[in-house]
Number of protein chains: 2
Amino acid sequence: MVTEVRRIRAFNRTVTRRLGVLNEKYLGRDRPYVESRLLFEIGTKGADVRALRGRLGMDSGFMSRLLRSLERKGLITIRPSPEDGRVRVVRLSRQGLAELRRIDALSDRLAQSMLASLTRVQTQRFMAAMSEVETLLRASSVEIAMADPASRDARHCLDRYFSEIDARFSSGFSRSQSGSEHADFIPPRGCMLVARLFGEPMGCGALRTLGTGLGEIKHMWISPEARGLGIGRRLLAELERVAKKHRVCAIRLDTNASLIEALRFYRSTGYREIGRYNDNPYAHHWFEKALK
Amino acid sequence: MVTEVRRIRAFNRTVTRRLGVLNEKYLGRDRPYVESRLLFEIGTKGADVRALRGRLGMDSGFMSRLLRSLERKGLITIRPSPEDGRVRVVRLSRQGLAELRRIDALSDRLAQSMLASLTRVQTQRFMAAMSEVETLLRASSVEIAMADPASRDARHCLDRYFSEIDARFSSGFSRSQSGSEHADFIPPRGCMLVARLFGEPMGCGALRTLGTGLGEIKHMWISPEARGLGIGRRLLAELERVAKKHRVCAIRLDTNASLIEALRFYRSTGYREIGRYNDNPYAHHWFEKALK
DNA sequence: ACAGTTATCTGACTAAAGTCAGTAAATGGT
DNA sequence: ACCATTTACTGACTTTAGTCAGATAACTGT
């Protein structure tokens, strides 16, 4: 443990020095750093102010003022969202896009400066190690928390979950027939967990009680961009922990045959296939695991 | 090239997000971030104000004020350097040391928080990849520049070089007999290169002309803490480049038998062993390489 | 319809981080 | 001995990066 901590601190120090300094010098050259950063986060596709605030962890007043400043400079346009009149959608203007390209070019130059003095072999090793570090850093940054199934993040995950299974099930999927209610996933009857990466929801999982001592896992979903980080395992372990605390001694779940990774995943985490225990028309496989 | 740049940018982004945010939140909790950072840089051993300014790239007025603030809080003591009355040496007071330990503890906590959610296997891979990235990031951060042999950085390198060979040569080493003058390494008669990592001198190498079309490499030295980064190769390549530009077509050098890495290094970079070409009493091996 | 929530905005303020010009002392080179 | 440099310090100032307490409008659930 001590060695690991020392390693991380050395890494932290070197990386902060190299990237931190250059980042700020490159990106914040002729405008405040946070403004560049904001332009960068808005990106070519534009974004909700709300989402930006979440991603950057910024005070709403401060954000508002920054947006006003960028607007005055003609770099962005702000208009209300068509779906929700409270939220604003920010887009880069033609000028803002040009500015973003400039920032991108600087950012590229920074990246190239990091390669300039390395040999070919060093570069290859560098790339591989960076991928690895990035993946694991993302994995270690994922935070799992209880959430109300009606909350925005939970609904976002569920919506994406349902649209994904609708696309993947050979028969499609109709949400009205799914037979699970939000209320099932609110303590003490059950619970819902959301996994977030840098503030954005990347996965969910829910638990409900079927009867005394019997629980059921529902709605396990991981966003495609966050797969391979071990989030599924962490969600499941956490749900099982919660279940155990509520005196659940066996957990069941069902799955559609088209979800091959899910089948493999449950088998590898200790779930045994059992006979049909419900009348879910979309289920082909039923599993159970005893909690000890 | 495009792939590499994209990789680096993704890495850059994830790392900045994870480390940057946490760093500032952890370290800057109850005092300004730069003050914590300064305490951290002063470290248990203390430091020259000059060196601190270089390392942190700080305005001297700003630095002065920060030091005054830390002094008022009783965290540091400042006194003139015994060697040079202009420079000040900063040391942490008892209280400052306690504060540093507190910062260290927070820093450790940050490191641990990065490991908390990883499995054992993930942690191992993480450590290996971080070492690799750190090494290569350091390698890529080394900057090589021409320097006056009388400059502070060059003298620092040469002093350490001579004291190292004095320790390693079985017969010791006396600088007065070395027979090379500073003036030899000033253009156009020769040149001296210094390699710097984050502003601090980490290695040097010099070239002088022996006769028409004939050059000689002298004083190649790499700081122990920066070995294995490929600095030697880069210095040598750069010296050869300079030599070629000055119509040198062959380069010679001599070496003491105790410098085994040096012998291996020169052999592997294209130098062939030749007969004695000078009367250097410390030399056991003589090399030459033709420049094409 | 209405109470409670959410998203954004405004004004008033503060702390942090830095810049710049000029001064004074010590040092190094000639 | 003297001049140019280097190092640190001071004062005056600016910009950057926030925080906090409301106000307002749009939405949500009942």
Side-chain angles (χ1 to χ4, degrees), chain A residues 20-21 24-25 27-38 47-73 76 78-90 148-156 181-183 186, chain B residues 20-21 24-25 27-38 47-73 76-90 148-156 182-183 186:
Chain A
V21 172
E24 284 175 35
K25 291 303 164 206
L27 297 185
R29 250 192 354 181
D30 49 5
R31 77 175 69 258
Y33 180 64
V34 283
E35 284 192 8
S36 294
R37 185 122 171 60
L38 186 51
D48 282 9
V49 170
R50 177 175 56 185
L52 290 172
R53 214 149 41 77
R55 252 184 281 168
L56 296 168
M58 223 174 241
D59 173 85
S60 81
F62 185 35
M63 169 67 85
S64 189
R65 228 177 303 276
L66 281 176
L67 289 172
R68 214 82 317 106
S69 157
L70 291 176
E71 198 177 25
R72 265 200 311 279
K73 291 171 189 162
I76 58 171
I78 307 179
R79 58 188 63 232
S81 156
E83 295 124 44
D84 183 338
R86 290 167 305 180
V87 331
R88 303 291 150 102
V89 178
V90 195
D148 186 320
S151 68
R152 215 168 48 82
D153 284 355
R155 281 203 328 260
H156 169 86
E181 299 294 332
H182 278 176
I186 292 177
Chain B
V21 173
E24 285 177 35
K25 290 302 165 206
L27 297 184
R29 252 192 353 181
D30 48 6
R31 79 174 68 256
Y33 180 65
V34 282
E35 284 192 9
S36 294
R37 185 123 172 59
L38 187 49
D48 283 7
V49 170
R50 177 176 55 187
L52 289 172
R53 214 148 42 75
R55 253 185 280 167
L56 295 168
M58 227 174 238
D59 174 84
S60 83
F62 186 34
M63 168 68 83
S64 192
R65 229 178 303 277
L66 282 176
L67 290 172
R68 216 76 323 105
S69 157
L70 291 176
E71 199 177 26
R72 265 199 313 278
K73 291 171 188 161
I76 58 171
T77 59
I78 306 180
R79 59 189 64 231
S81 158
E83 296 123 46
D84 184 335
R86 290 167 303 181
V87 331
R88 304 290 149 105
V89 178
V90 196
D148 186 318
S151 68
R152 215 165 49 80
D153 284 355
R155 281 203 330 260
H156 169 86
H182 278 176
I186 292 176

Round to a whole Å and report the spacing from [atom1] of [X] to [atom2] of [N].
X	N	atom1	atom2	result
A:Leu38	D:dG18	CG	C1'	15 Å
A:Leu66	D:dT19	CG	C1'	14 Å
A:Leu70	C:dT8	CG	P	15 Å
A:Leu56	C:dA7	CG	P	16 Å
A:Asp153	C:dT6	CG	C1'	13 Å
A:Arg152	D:dG29	CZ	C1'	18 Å
B:Asp148	D:dT6	CG	C1'	15 Å

Short side-chain N/O contact to C:dT8 OP1/OP2 from A:Arg53, under 4.0 Å: yes
Quick one: salt bridge (charged side-chain N to carboxylate O under 4.0 Å, His left out) pairs with a partner in residues 62-72 of chain A, sequence neighbours left out? A:Arg68-A:Glu71
For nucleotides 9-16 of chain C, just jot down a letter per nucleotide in 5' to 3' order: B, S or -, based on protein non-hydrogen atoms under 4.0 Å. BBBB---S
Sugar-phosphate means primed atoms, P, OP1 and OP2; the rest is base. With that split, encode nucleotides 25-30 of chain C 5' to 3' as B, S or - using protein heavy atoms under 4.0 Å. -BS---
Mind checking what makes side chain to side chain donor-acceptor pair (under 3.5 Å) contact with A:Arg37, not counting sequence neighbours? A:Glu41
Enter the distance from [X]:[atom1] to [Y]:[atom2] here, rounded to the nearest 0.5 Å.
X	Y	atom1	atom2	value
A:Glu35	A:Leu66	CD	CG	6.0 Å
B:Leu38	B:Arg55	CG	CZ	10.0 Å
B:Leu70	B:Thr77	CG	OG1	11.5 Å

Compare every heavy atom of A:Ala154 with every heavy atom of A:Pro149, then report the nearest pair and how far apart it is. O-CB, 3.6 Å
Applying salt bridge (Lys or Arg N to Asp or Glu O under 4.0 Å), can you list everything that pairs with [X], at least two apart in sequence or on another chain?
X	value
B:Asp84	B:Arg86
B:Arg50	B:Asp48
B:Arg88	none

Terminal axis angle for the helix from C:dA1-D:dT30 to C:dT30-D:dA1, five pairs an end, nearest 10 degrees: 40°
How about A:Val49 and A:Met63: do any of their side-chain heavy atoms sit closer than 4.5 Å? yes
Those residues at least two apart in sequence (or on a different chain) that pass side-chain contact (heavy atoms from CB on, under 4.5 Å) with A:Ala150 are A:Asp148, A:His182
